[in-house]
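The structure presented is a predicted model; accordingly, all values stated were derived computationally and were not measured. Side-chain atoms are counted along with the backbone in the values below, which use heavy atoms only and exclude waters and symmetry mates. Residues take their numbers from the sequence shown, with the count starting at 1.
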Amino acid sequence: MNLAARFAAILHALCAAIARRGANGAFVRETSRPGSAFTNPHALTVLLWSRLQRAVARFARLAAGAPPPRPRKTPARPARARSAPDLPRRRGWLLAPVPEATAAASQLRAFLAEPETRALIAAEPRLGRILRPLCRTLGILLPEAPQSRARRPRAPITPAAADPPTRPHRPARRGAHPLRRPRAPPAPA
């Protein structure tokens, strides 16, 4: 089984669990949290399910060697106002309402730890855009891919640049410490 098919199998099982639990009201608590943009728990179920299905398709496209996007010839459009609510951003938020997500997280963690998967992630950095939100949702730390670009070497520090700037010397008053407040005279007895 190739990587894309294994990734699809993990996410399809997760989607089935989300649909089953969402239909039974698992996301009611998520939608009642303060600051939640969702008022209908079924809307959260549908949004999560569709994002996971889109992630499966994008992963398969990139694993098959999709060409990089072509540069735009037209000027970029102005950003639209965000009309659709976004998913919660807490790490591992899906594990409580969908207990089956724990099994999917375990399978995904093992899938990401394999050398073949790590090599694919290192070769195709666009996979990070798919995997990062999914890993955050399931409470998984995404393994770091080696840096594909070489870092620019830093300029050497010269001795003059390393020394902190000095303040001009100001003579202290006689008998006064520069960091302490002068004492108040003793009160008359």
Side-chain angles (χ1 to χ4, degrees), residues 1-22 26-27 30 33 36-38 43-77 79-80 82-155:
M1 188 184 263
N2 66 7
L3 292 178
R6 289 179 52 215
F7 183 75
I10 294 169
L11 288 194
H12 286 310
L14 181 60
C15 283
I18 287 169
R20 192 171 41 256
R21 294 285 181 164
F27 298 117
E30 263 324 298
R33 285 186 183 270
S36 175
F38 292 94
L44 179 61
T45 305
V46 170
L47 178 64
L48 182 58
W49 189 88
S50 61
R51 292 252 177 109
L52 292 174
Q53 293 296 325
R54 198 173 325 133
V56 168
R58 288 177 61 204
F59 189 93
R61 231 184 356 251
L62 292 176
R70 290 179 285 169
R72 292 182 180 212
K73 293 181 182 178
T74 60
R77 289 181 267 153
R80 289 185 285 162
R82 193 175 200 101
S83 60
D86 208 6
L87 294 173
R89 294 185 181 264
R90 292 184 324 276
R91 181 170 297 281
W93 71 269
L94 188 60
L95 299 175
V98 183
E100 294 90 348
T102 307
S106 175
Q107 292 171 354
L108 187 63
R109 190 178 298 113
F111 174 75
L112 293 173
E114 293 179 4
E116 190 178 357
T117 308
R118 289 180 146 210
L120 178 65
I121 293 170
E124 183 55 70
R126 292 181 289 173
L127 286 173
R129 285 187 152 198
I130 300 168
L131 296 173
R132 262 184 231 102
L134 177 63
C135 288
R136 185 183 324 112
T137 300
L138 294 174
I140 301 172
L141 293 176
L142 183 63
E144 289 294 323
Q147 293 292 332
S148 59
R149 290 185 267 162
R151 287 188 170 187
R152 201 174 75 193
R154 291 184 178 183

Smallest heavy-atom separation, G128 atom then P133 atom, equals O-CD, 4.2 Å
### Query
So, the side chain of T137 versus the backbone of L94: is there a donor-acceptor pair under 3.5 Å, distance only?
no
Please determine whether side-chain contact (heavy atoms from CB on, under 4.5 Å) holds for the pair L48 and F27, giving the CA-CA distance in whole Å, both sets of side-chain angles, and the decisive distance to 0.1 Å. CA-CA 11 Å; L48 182 58; F27 298 117; 4.1 Å; yes
Taken in chain and number order and not counting sequence neighbours, the residues that satisfy salt bridge (Lys or Arg N to Asp or Glu O under 4.0 Å) with E116 are none
Take atom CH2 in W49; do more than 12 heavy atoms of anything else shown fall under 6.0 Å from it? no
Between F7 and L108, the two heavy atoms sitting closest are CE1-CD1, 3.9 Å
TODO: For side-chain contact (heavy atoms from CB on, under 4.5 Å), just list the numbers for L120 and T117, CA-CA rounded to whole Å, side-chain angles, deciding distance to a tenth of an Å, and then say yes or no.
DONE: CA-CA 5 Å; L120 178 65; T117 308; 5.6 Å; no
Within-4.5 Å side-chain heavy-atom neighbours: L142 and L134
no
The reported gap from CG in L3 to CD1 in I121 (rounded to nearest 0.5 angstrom) is 9.0 Å
- When you measure from the side chain of R58 to the backbone N and O of R54, does any donor-acceptor pair fall under 3.5 Å? no
Smallest heavy-atom separation, Q53 atom then C15 atom, equals NE2-SG, 3.2 Å
Applying salt bridge (Lys or Arg N to Asp or Glu O under 4.0 Å) to R126 and not counting sequence neighbours gives E124
For A105 and I140, the nearest pair of non-hydrogen atoms, with its separation, is O-CD1, 3.3 Å
Quick note, ring pair (Phe, Tyr, Trp, His ring centres under 6.0 Å) partners involving residues 118-138, not counting sequence neighbours, are none
When rounded to the nearest 0.5 Å, the distance separating CD1 of I18 from CG of L52 is 5.0 Å
dist L138:CG -> L95:CG (nearest 0.5 Å) comes out at 6.0 Å
- R129 atom CZ, over 12 foreign heavy atoms within 6.0 Å: no
Note: I10 and A104 closest approach over all heavy atoms is CG2-O, 3.9 Å
A4 and A60 have their tightest heavy-atom pair at CB-CA, 3.9 Å
